[in-house]
Amino acid sequence: MERYEHKKVEDKWRKKWIEANVYKTTQDPDKEKFYILDMFPYPSGAGLHVGHPKGYIATDIISRYKKMNNFNVLHPMGWDAFGLPAEQHALKNKVHPRIGTDENIKTFKKQLEKISLNYDWEREIATTDPEFYKWTQWAFIQMYKKGLVYQSNEPINWCPSCKTGLANEDLENGACERCDTPIQKKKLPQWVIKITDYADRLLEDLDKLDWQEHIKELQRNWIGRSEGAEIEFKIKSDEEKTDVVLMHGFEGRGDQGWFSETKHFLEQKGLSVYNPDFPNSNNPSYIEWKKFFDNNVLSKINKNTIFIAHSLAPTFLIRYLSENDLKLNKVLFVAPAIRKNKNIPEIDDFFENFNLQKVKKSINQIIVIYSNDPYIPKEDFEYIIREADAEEIYIENKEHFTQNENTNPEILDILDEKLDSRLRGNDNSSQAVKVFTTRPDTLYGATYMVLAPEHELVNEMLSSCHSREGGNPDDTIKSEDEKLDSRLRGNDAEGVCIKNVDEVRTYQKEASKKTEIERTAEGKEKTGVRLEGVMAVNPVNGEEIPIFIADYVLADYGTGAIMAVPAHDERDFEFAQKYNLPIKMVIQPFGSGNKGTSEKELEKYYNGSKPWITTNDDKGNVILINSSEFDGVQNSKEIKEKITKKAGGKMTTSYKLRDWVFSRQRYWGEPIPLIHCDKCGVVTVPEDELPLELPEVESYEPTGTGESPLAAIDEWVNTTCPECGGDTKRETNTMPQWAGSSWYYLRYIDPKNDKALVDKDKEKYWSPVDFYVGGAEHATRHLIYARFWHKFLYDIGVVNYDEPFSKLQTVGLIMAEDGRKMSKRWGNVINPDDVIERFGSDTFRLYEMFMGPFDASIAWSTEGLVGPRKFLEKIWKSYQSGYVSGETSELLKKTLHKTIKKVGEDIGEMKYNTAISAMMVLANQLEKKKNISTEDFGKFLKILSPFAPHMTQELWSQMGNNTFLIEETWPKYDEKYLSDDEITLVVQVNGKVRDKITVNADITEDEAKEKALESEKVQKHIGGKEIRKVIFVQGKLISIVV
RNA sequence: GCCUCGGUGGCGGAAUUGGUAGACGCGUUGGACUCAAAAUCCAAUGUUCGCAAGAACGUGAGAGUUCAAGUCUCUCCCGAGGCACCA
């Protein structure tokens, strides 16, 4: 008897199949198409371990099964070969990454070939091939042209060890996914792709995919859509504001007729007026006035304050502003005393040091009001109007505005007109912060507000404070001057200022220095700093609440600002406890014992030791309290909308998904096809110049400075601008590893096309991928990027459908025998080559499929390989022993047909373990019966062939066939063999199995009852009691209740 | 903390709509063959009690629904994976 020598058999058929080119993709018009794909591997230096092929074997089985069921099957393989591992390996071993990569691909391919996977190798691709990445670059350029690519200067995730920026998806718990190094925030100009524009479609289209629910769930979480509201809180100064400073001139404030009248008029308008009483006004001294001004006036003004200065007061202000750094918004000079009055010795010192250029800069708006003044000649007014660039208002017949008689209606009219409209109402602030919240229903419970330390408004408020620090010119202030100036001259009159500038600055600096891990470390106590001097106004009830900055609020989610509701949010609660902030309950459970209101939760709520967290309940299980007109109302979506509307906010949506940081400061990747031209700005590389090839260089060490190694290659970097022809430089960053894999599956359809990414007709025929198999670890990177990329290609008409992978199945890991992950580090890696050498490829394939459920992660067991091996030997022996002859017995025939049915069904459901187990049952039965017809044995070989192609092919050939099993047709099962004539009927008494009786399959209830009652065992358990009920399940059981 | 999936013999794992729990494989034990071993074949193999027939218990724990629960409901415990100060 011929022994089963796996090596001989497998080598023989591997060779024959390749010679006959059996794996070539067919495109027979009479057949349906089926595109089945594996996630292509990253060819590392270590070679394949036993875990890699698990998915490939599964798809191979399906592919063979589909071919035998008359499909045109596309089943290709390729290499995802750009990226850091190859580059790091190259650096370490001083081999160019291209050479290393090519070697690794060779090794991988050799290993895969031993498994006899039916790939069409004529369609092999590699992402590192310029003919391939030409189209990666092409797609990028299309995105750029559609405005989906932008340059960002925001701080990005930087891995100091890999020396490159990373996308959000590349992080794992705040550390680099590759090397575990804590990442830092680093400001670097980065190319970023607006994947967030596709967030909604990426989320919603999940519904039409036949993917495992848990993968969809991962993507949903990653995209992280939250429905909520954006609500604006006004910011105001918490000190008493002074709207107008009314300054008298020579001889004090009692002497001017318009003075008290003006004050009264302004106060009627609801403005606060401060009219200082300068010392010794009948014999004034500039030094004394300055002292008074510094001590009394400065502390009462803010940036919106308007100055109305009469006579000598303008003179004072002009000297003061010439000598001190103070910014004023609006100043009305009423009959200002200028040069000619120098003949009044008492006030000569007021006229010194005039610097009208500086004064002009220090005041946003200057208005000069004058009349037919007996004291001051007209040319003096004209002089100051000219020099200070002031607005001029002339009023008839008011002289020096000091007449006592009656009113000065004209000047009041002018004040009315010239006062900033903003000063009229009570609302004197133009600044506001938008917050994002999913809980607008708790708006009445907001007791403070928190901004991210990086929030733009914080910096604005900090810099606006320098306008206060007049007379104290230090370096910082001077350096801020320009910025300040521009803001002052804009329309945006700000009046809010942070008092504890140093403390806030320090906190900001500390926050920026922290790594992501430090900032989010578990159990870390919350920290923050109150912004002294400013308050936020709750738009719904006008309550003024303090503002903090704290790093528990993230700058890049929502609006970077929150309203804090400590009574109903754990984080806010924790913070409020630490900083002694009020906690105001606004949500209460509705009734008691409602769903979602456990006793425990209630307890925490009532003793105030924990925030009362409701799971964003808008099903009416909670009611609102302390919420004005909403008191006692059951919560609902409508209530959220109503409160939002009342607050002047709007309902919006926020996402956790961030835009895709697309630049890598490394060598081994696709060059980004952009050019930076001084004249034309950013220009794309012309499409006819693609591929923009990665230059072959000696040194490709990362610089670590944030610059790509490509930047050092002058002959590559320097180029001419395709638009203006001038000398320019290329973009030197490369694309991330995930670029090529985002669309590679399309290229298999048409791998050699040099005119298009993929031919439209071919794409229409083969796309989308019908079945995609790979690791679950790709759920939030590759599978999101690829869906995005594909949708973009759909939008520009390259592909005909907007989802790339119709069905997705994840493959479970194979752990090492010690239960740990297979890794060089643990020395527990098992190489498939060794297994195949010892047991054969067929056994290896069977074993991996037999281990357990396909998507479960299970430990390898070399002992376990024996089972599948014995199974193959059993079949081999059955044939060699001459069992294959004559007619198949009835029982075996039934088993055969049941098995044919089961194996077909199980392959469709990825239940290989049970398919194999069914075939083992068949083989065991054959061994017992020792007899099967040639035809039936052939059927058995056919259904086993996708699992064990070599041995089945050998026996098929020994039987005298000269065809290939992969080209044979899958056997059909015959219904008539599926049902049994006689079955075992289970007899239960009171739900317990008491006997089993053999009966005809079509037995009726009455017959079954009769037979069951004949049983002694049954009688024993009935024990003479009354039969109350009989339940009969056809073909299964009869249950007697007594 | 949140989300998802799990928890079944010594081990990997099977169990349509609730209907014989433990298929199939490994391992273990006994036997056959052999001078012996390996290989192969046969038999047994959830636990407890029992010479046996048989009985009781048994799918993480507890309760519930049902003639009947691994499967459905509730509460809890444990494990794996994912997300994580996401407002």
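If you're wondering where the values come from, they're calculated on a predicted model, not measured in any experiment. In the text below, chain A, chain B and the rest are named by the order of the sequence lines, each starting its count at 1.
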For Phe850(A) and Tyr912(A), what are the C-alpha separation, side-chain angles and deciding distance, and is it a ring-ring contact (aromatic ring centres under 6.0 Å, His included)?
CA-CA 6 Å; Phe850(A) 185 63; Tyr912(A) 304 107; over 10 Å; no
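Taking the syn range as angles within 90° of 0, the glycosidic angle of G50(B) is outside it, so the base is anti.
Annotation: U73(B) and U65(B) have their P atoms spaced 16 Å apart (nearest Å). G25(B) and A15(B) are spaced 15 Å apart, taking the P atom of each and rounding to whole Å. Atom P of C67(B) sits at a distance of 37 Å from the matching atom of A52(B), rounded to the whole Å. Straight-line distance between the C1' atoms of A32(B) and A37(B): roughly 15 Å, to the nearest whole Å. C5(B) sits 26 Å from U20(B) when the P atoms are compared, rounded to a whole Å. Spacing between A84(B) and A23(B) at atom C1', rounded to whole Å, works out to 42 Å. Distance noted for atom C1' between C24(B) and G79(B): 26 Å (whole Å). Atom C1' of G27(B) sits at a distance of 31 Å from the matching atom of C77(B), rounded to the whole Å.
In this structure, of C26(B), C85(B), G25(B), it is C26(B) that holds the atom nearest to the side chain of Glu863(A). Each of C83(B), U20(B), C24(B) was ranked by its minimum atom distance to the side chain of Trp222(A); first place goes to C83(B). For Ser917(A), the listed nucleotide lying nearest its side chain is A23(B); candidates were C3(B), G13(B), A23(B). Taking every side-chain heavy atom of Ile858(A) into account, G12(B) is the closest of A87(B), G12(B), A14(B). Across A87(B), C3(B), C83(B), the shortest atom-to-atom separation from the side chain of Lys656(A) is found for C83(B).
Residue Ser1039(A) has no polar side-chain atom (N or O) positioned under 4.0 Å from OP1 or OP2 of G19(B). Here Asn913(A) does not reach the OP1 or OP2 of G12(B): none of its side-chain N or O atoms lies under 4.0 Å away. Side-chain nitrogen and oxygen atoms of Lys996(A) include none within less than 4.0 Å of the OP1 or OP2 phosphate oxygen of U20(B). The shortest distance between the side-chain N/O atoms of Lys1020(A) and the OP1/OP2 oxygens of G54(B) is not below 4.0 Å. At A87(B), none of the side-chain N or O atoms of Lys434(A) fall inside 4.0 Å of OP1 or OP2 (strictly under the cut-off).
At a cut-off of 3.5 Å, with distance as the only test, no side-chain donor of Asp855(A) or Thr810(A) sits close to an acceptor on the other residue. For the residue pair Glu169(A) / Thr780(A), no side-chain donor-acceptor distance below 3.5 Å is found, with atom types taken as modelled.
Arg658(A) comes within 4.0 angstrom of a base, heavy atoms only. Heavy atoms of Glu927(A) sit under 4.0 angstrom from primed sugar atoms or phosphate atoms, though from no base atom. Counting any heavy atom pair closer than 4.0 Å across all strands shown, Leu218(A) reaches sugar-phosphate atoms only and no base atom. Thr780(A) comes within contact range of no nucleotide atom at all, as no heavy-atom separation falls under 4.0 Å. Among the heavy atoms of the strands lying under 4.0 Å from Val921(A) are primed sugar atoms or P, OP1, OP2 only; no base atom is included. Using a 4.0 Å heavy-atom distance criterion, Val553(A) is classed as a base contact. Glu217(A) comes within contact range of the sugar-phosphate backbone alone, with a heavy-atom separation under 4.0 Å but no base atom that close.
Contact check on Glu5(A) versus Lys7(A) returns no salt bridge, with no Lys/Arg side-chain nitrogen under 4.0 Å from an Asp/Glu carboxylate oxygen. Glu873(A) has no carboxylate O lying under 4.0 Å from a charged side-chain N of Lys870(A), or vice versa, which leaves the two without a salt bridge.
In the interface, the side chain of Glu570(A) is not paired with the base of G1(B) through any donor and acceptor atom under 3.5 Å apart. Put simply, the side chain of Lys526(A) and the base of C85(B) share a donor and an acceptor less than 3.5 Å apart.
Because its NZ or CZ atom is both nearer than 6.0 Å to the ring centre of Phe854(A) and within 45° of the ring axis, Lys54(A) counts as a cation-pi partner of that residue.
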